[in-house]
Protein chains: 2
Amino acid sequence: MAKSRNTEQKIFDAATELFLEKGVDRTSVREIASRAGINLALMNYYFRSKENLFDAIFTALMKKNSEELIRILNSDLELNEKIRQYVHVYIDMLSENPLLVSFVMSILHRSRERITEMKAINSLYATDQFTRQIIEEGKKGNIRRTDPTHFFVDMLSLIAFPFAIKMLVMDKNNITEKEFQGFILERKERVPEILIDNLRPRR
Amino acid sequence: MAKSRNTEQKIFDAATELFLEKGVDRTSVREIASRAGINLALMNYYFRSKENLFDAIFTALMKKNSEELIRILNSDLELNEKIRQYVHVYIDMLSENPLLVSFVMSILHRSRERITEMKAINSLYATDQFTRQIIEEGKKGNIRRTDPTHFFVDMLSLIAFPFAIKMLVMDKNNITEKEFQGFILERKERVPEILIDNLRPRR
DNA sequence: TTTTGTTTTAAACAGCGTTTAAATTCATTA
DNA sequence: TAATGAATTTAAACGCTGTTTAAAACAAAA
């Protein structure tokens, strides 16, 4: 019994690694069991199926990585500062988990039809608080009136997409992993600048 | 013999549909054969393996969809107009092929290690012509001096990423497929505006 | 000691990608 | 017309996959 929690965790960790590295569909349950150093049948004992294990992992990953982001979106920070913090924290988080974007993208495609029921995925998106803030700042004239949906999609795109095309960027610019990290670091300043610039009132 | 080209094409078309819809790994060769209305063994007769068939399809998709984009990048158009045209054509192309982004993303992840040899993928990226144009316009003071790599990554992100998170956007904003198409249409004006705005000289 | 939860062993199922061998259809060409 | 050779089918096999099952072994708690 003492080992139970431990074993479950070992399966969970091994599967998480493999799912992120190779993708869910290219990872076999026998490979997970082997990396976790446990028996194949134990996978079925703890998680009923591979798909079940995947759901558990996906939910945990989303929860773990989105809590701080949501806290920032819902905070009382002034808009520009909120954007800066959000981008910083998001990019830092993805830098530590560079495979996360591809993983989530593949899930969004793989599970297109059951996205509505996958509650964990909601944490990727804007909160009502933040949406309201954008609209109200627009009304006050502090920023240009902006469609919050477009603005949030812009922000997500500029933050996340570069990680999805990492290998393309490295290959075409002939740079190393380290240099790509530097490139991403630069984006922590650049992206908020683009976003805030675009919000500035015209005329 | 008369049917040969036809049959090869039927396999190719069926596989393309399925790869885009379900992803390569979730599509079985038996399913392809069934949809193409041909025999399983014929798959091996025309394409030696599933991976081979995939390579052929991927190369063809990239070529078909990138030729016009590259032509625009290499044209003599004035920079702002070039950006506008590029974004327009790109978004139109993805609108007609909304699954293409997810497909390419999955390939970038799936085949991380052999990206360098996948020449077709190069067509997704900036050309030297365009890179030079950005640098020179910066020197002339027509635009703000800008890192072309960042600029191109920004542009690709704002164009492509929304398609990758389509289901998320639809779900969270509670909109239909048609309304999402409208949302994308708005981006044809919005994205060039953001990009060109950011290039404007400061002070 | 009995009970309970954990772990293993072993095997089976249908489906997968792949490959093979042989038989067959069929249009063209000799 | 008959022979040639490419196109297509049928049928089967290989090892691998996800999944499930049954039975046994083990450890610790009751």
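Residue numbering restarts at 1 for every chain, and letters A, B, ... go by the order of the sequence lines.
- Between B:Tyr45 and B:Asn39, the side chains place no donor N or O within less than 3.5 Å of an acceptor N or O (distance only, hydrogens not considered).
- Side-chain atoms of A:Arg202 come within 3.5 Å of backbone atoms of A:Arg200 as a donor-acceptor pair (strictly under, hydrogens ignored).
- One atom, NZ of B:Lys10, and another, P of D:dT9, lie 8 Å apart when rounded to the nearest Å.
- Side-chain nitrogen and oxygen atoms of A:Thr7 include at least one within less than 4.0 Å of the OP1 or OP2 phosphate oxygen of C:dT7.
- When the side-chain nitrogen and oxygen atoms of A:Tyr45 are compared with OP1 and OP2 of C:dT6, one or more of them lie within a distance under 4.0 Å.
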Given the rule in the ring-ring contact (aromatic ring centres under 6.0 Å, His included) test, do B:His150 and A:Phe183 qualify, once you have shown the distances and angles that lead to the verdict? CA-CA 8 Å; B:His150 275 296; A:Phe183 174 75; 4.1 Å; yes
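- Atom CZ of B:Arg26 and atom P of D:dG18 are 12 Å apart (whole Å).
- For B:Tyr46, no side-chain nitrogen or oxygen approaches OP1 or OP2 of D:dA7 to under 4.0 Å.
- A salt bridge links A:Arg114 to A:Glu51: at least one charged side-chain nitrogen sits closer than 4.0 Å to a carboxylate oxygen.
- A:Ser34 is linked by a side chain to side chain contact (heavy atoms under 4.5 Å, CB included) to nothing, counting only residues two or more places apart in sequence or in another chain.
- The separation between B:Ile11 atom CD1 and D:dA7 atom P is 12 Å, rounded to whole Å.
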Each nucleotide in nucleotides 9-21 of chain C should get exactly one letter: B, S or -. Can you fill that in based on protein heavy atoms under 4.0 Å? B--B---BBBB--
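- The list of salt bridge (Lys or Arg N to Asp or Glu O under 4.0 Å) pairs with a residue in residues 149-175 of chain B, not counting sequence neighbours, reads A:Arg187-B:Asp154, A:Arg190-B:Asp154, B:Lys166-B:Glu177.
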